[in-house]
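The shown structure was predicted, so the numbers you read here are calculated from the model rather than taken from an experiment. Index from 1, following the sequence.
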Amino acid sequence: MRVDPFAGMRRGRSGGARAGRGFGGIRWWVLLLFAGYAAFSWFGSAETDPYTGETAHYGASPVEEVQLGAQAYQQVLSDATAQGALLPADAEVSRQIREIAERLIAKVPAVTEALATENGQEAPQIYRDFQWDAAVIQSDDANAFVLPGGKIAVYTGLLPVAENQNAMAAILGHEIAHALLRHGSQRMAQQKLVQVGQMAAGVALGGMDPGQQQAVMAALGAGAQYGFILPYGRNHETQADKVGLMLAAAACFDPREAVPLWERMGRLGGGERPPEFASTHPDPANRQETLRALMPQAEAFYREHCADRPPLQ
C-alpha cells in the first residue's frame with residue numbers, strides 16, 4: 001500500500017486540527033475531573049487528630065478498620081499455627097507480654113483524655129470498640145505490631161533487643177499508638193491520593209512519546225515517594241513515639257528506657273540503613289533526640305499516675 005507522507009499535513013489544514021484540539025480538550029476535562037475528585041477525597045476526609053493536634057486524612061471508617069484488623073490478625077495467627085510458631089497463651093513469655101499490654105491498655109483512656117485536652121480537642125472514644133488481644137510468635141524477626149482494632153503480635157526475635165519490660169513497654173506503647181492514631185486508615189487515604197494522581201498524570205501525558213512518558217512518570221513517582229510518602233511515614237513514627245512514650249510512663253514503666261532501646265534497634269543489621277530522606281523511619285539518632293526532648297512530659301505522666309511507685313531516679 002502506498003503511503004502519502006503529506007496526507008497528515010493536508011488533513012491538518014482542514015478538520016484534523018480541530019479534532020486534535022477536541023481530543024486535547026477532552027483530555028484536560030478528564031484531568032480536571034481527576035483533580036476535583038482527588039481534592040474532594042483528600043480535603044473531605046480531613047479531621048484534626050486529637051492526639052497530635054495535626055490535620056489527618058482517613059481512608060476508612062473506625063468500624064472498617066476494626067474489621068480489617070481482625071481479618072488480618074486471623075490470617076497472622078493461622079499462618080503462625082500452620083508453621084508451629086504460635087506460642088501457647090499460657091507460655092511464660094506470652095503471659096509477660098499480655099501483662100505489659102494490659103497495663104498499657106488500661107491507661108489508654110487517661111492518656112487519650114490528657115493529649116486531647118492538650119490539643120484543645122474532644123477526647124476520641126474509638127478505642128472503646130477495639131477488640132484487644134495479644135499473641136507471641138516464634139521468629140528471629142525483631143518485630144512487633146498492633147493492627148487496627150487492637151490486635152497485638154510480638155515476635156520472639158524482639159526479646160533480646162528489648163532486654164527488659166520497660167523497653168518492651170516502650171515498643172508496645174509505640175505500636176498501640178499507631179492503632180490509636182489510626183495510621184492504617186491514614187495510609188489508605190494517602191495511597192488513594194497517590195493512585196488518583198498517577199491516573200491523572202497518565203491521562204495528561206497520553207499523547208507523549210512512550211519513552212518520554214515513562215521518564216516523566218518515573219520522575220513523578222520519585223517525587224511522590226520522597227516528597228510525600230516517606231515524610232508521611234516518618235511523621236507517623238514520630239507521632240507514635242510520643243503517644244507510646246506517654247502510655248508507657250502512665251502505666252508506670254520507666255520511659256527513659258526508650259532511648260537506649262532505640263540505640264540497640266539502630267545497631268540491628270550492623271547499623272546499616274538508608275539515609276533518613278529515603279526511609280519511612282526517622283534516623284535513630286534523631287529519634288533518640290526527639291525522645292529525650294519528650295522525656296520531661298513523660299516523667300510528668302509517671303509522677304501523676306504512679307504516686308505509689310518508687311520515683312524515677
Side-chain angles (χ1 to χ4, degrees), residues 38-76 101 104-134 143-154 169-196 228-248 250-251 280-282 287 290 294:
F40 174 80
S41 176
W42 183 250
F43 293 107
S45 67
E47 300 177 27
T48 299
D49 185 341
Y51 290 95
T52 66
E54 299 179 18
T55 299
H57 305 266
Y58 303 99
S61 71
V63 172
E64 291 170 332
E65 291 173 53
V66 171
Q67 293 172 343
L68 291 170
Q71 293 170 6
Y73 188 62
Q74 288 305 313
Q75 186 61 54
V76 169
L104 293 167
I105 293 165
K107 291 301 178 179
V108 165
V111 172
T112 297
E113 183 69 37
L115 294 179
T117 300
E118 176 185 311
N119 293 309
Q121 300 293 315
E122 184 178 350
Q125 304 296 312
I126 294 170
Y127 62 83
R128 295 184 183 277
D129 296 323
F130 281 16
Q131 301 162 0
W132 298 100
D133 193 17
N143 195 20
F145 58 83
V146 177
L147 291 165
K151 303 300 188 183
I152 303 167
V154 176
I171 295 169
L172 293 185
H174 171 94
E175 298 300 333
I176 288 172
H178 277 306
L180 295 174
L181 290 156
R182 302 178 60 197
H183 282 163
S185 181
Q186 291 186 43
R187 284 192 295 274
M188 290 174 66
Q190 178 201 49
Q191 290 165 0
K192 185 177 181 180
L193 181 66
V194 170
Q195 289 168 356
V196 170
F228 182 52
I229 297 173
L230 294 177
Y232 206 68
R234 290 193 295 272
N235 187 47
H236 281 180
E237 291 300 314
T238 300
Q239 291 176 352
D241 279 347
K242 176 181 178 178
V243 176
L245 193 67
M246 303 313 149
L247 277 174
T280 56
H281 288 61
R287 190 170 213 159
T290 299
L294 291 169

Are any non-hydrogen side-chain atoms of F145 and V76 less than 4.5 angstrom apart?
yes

Are the charged groups of E54 and K242 less than 4.0 angstrom apart, N to O?
no

Partner of E175 by side-chain contact (heavy atoms from CB on, under 4.5 Å), out of I152, V146, N143
V146

Beyond-backbone contact of H174 with I171, side-chain heavy atoms, under 4.5 angstrom:
no

For the pair V63 and D129, evaluate side-chain contact (heavy atoms from CB on, under 4.5 Å) and give the outcome as yes or no after the intermediate values.
CA-CA 8 Å; V63 172; D129 296 323; 5.8 Å; no

In this structure, OG1 of T52 is separated from CD of Q121 (nearest 0.5 Å) by 9.0 Å

Please give me the minimum heavy-atom distance between V111 and A250, naming the atom from each residue.
CG2-CB, 3.7 Å

Please assess T290 against D241 for the test side-chain contact (heavy atoms from CB on, under 4.5 Å), listing each intermediate value before the final yes or no.
CA-CA 9 Å; T290 299; D241 279 347; 5.6 Å; no

Under 3.5 Å, is there a donor-acceptor pair linking the side chains of H178 and E237?
yes

Looking at every heavy atom in both L104 and G173, which two are closest together, and how far apart are they?
CD1-N, 3.7 Å

Any heavy-atom pair between the side chains of L172 and V154 that's under 4.5 Å?
yes

Going through the distances and angles, do I126 and E65 end up as a side-chain contact (heavy atoms from CB on, under 4.5 Å)?
CA-CA 10 Å; I126 294 170; E65 291 173 53; over 6 Å; no

Under 3.5 Å donor-acceptor, S185 side chain and A60 backbone:
yes

Identify the two heavy atoms, one from A169 and one from A248, that lie closest to each other, and give their separation to 0.1 Å.
O-CB, 4.1 Å

To check you understand the geometry: which heavy-atom pair defines the closest contact between A177 and A240, and what is its length?
CB-O, 3.6 Å

For Q131, does its backbone N or O pair with a side-chain atom of K151 as donor and acceptor, under 3.5 Å?
yes

For Y51 and Y127, the nearest pair of non-hydrogen atoms, with its separation, is OH-CD2, 4.2 Å

If we only count heavy atoms from C-beta on, is the I176 to W132 side-chain gap below 4.5 Å?
yes

Closest heavy-atom contact between A46 and T55?
CB-CG2, 4.0 Å

E118 atom CD, over 12 foreign heavy atoms within 6.0 Å:
yes

Would a 4.5 Å heavy-atom cut-off, applied to side chains only, mark V243 and L181 as touching?
yes

In Å and rounded to the nearest 0.5 Å, what is the CD to CD distance from Q75 to Q71?
10.0 Å

Do L180 and L247 have side chains that approach each other closer than 4.5 Å (heavy atoms only, starting at C-beta)?
yes

Please tell me if the side chains of T112 and P50 come closer than 4.5 Å, counting only heavy atoms from C-beta onward.
no

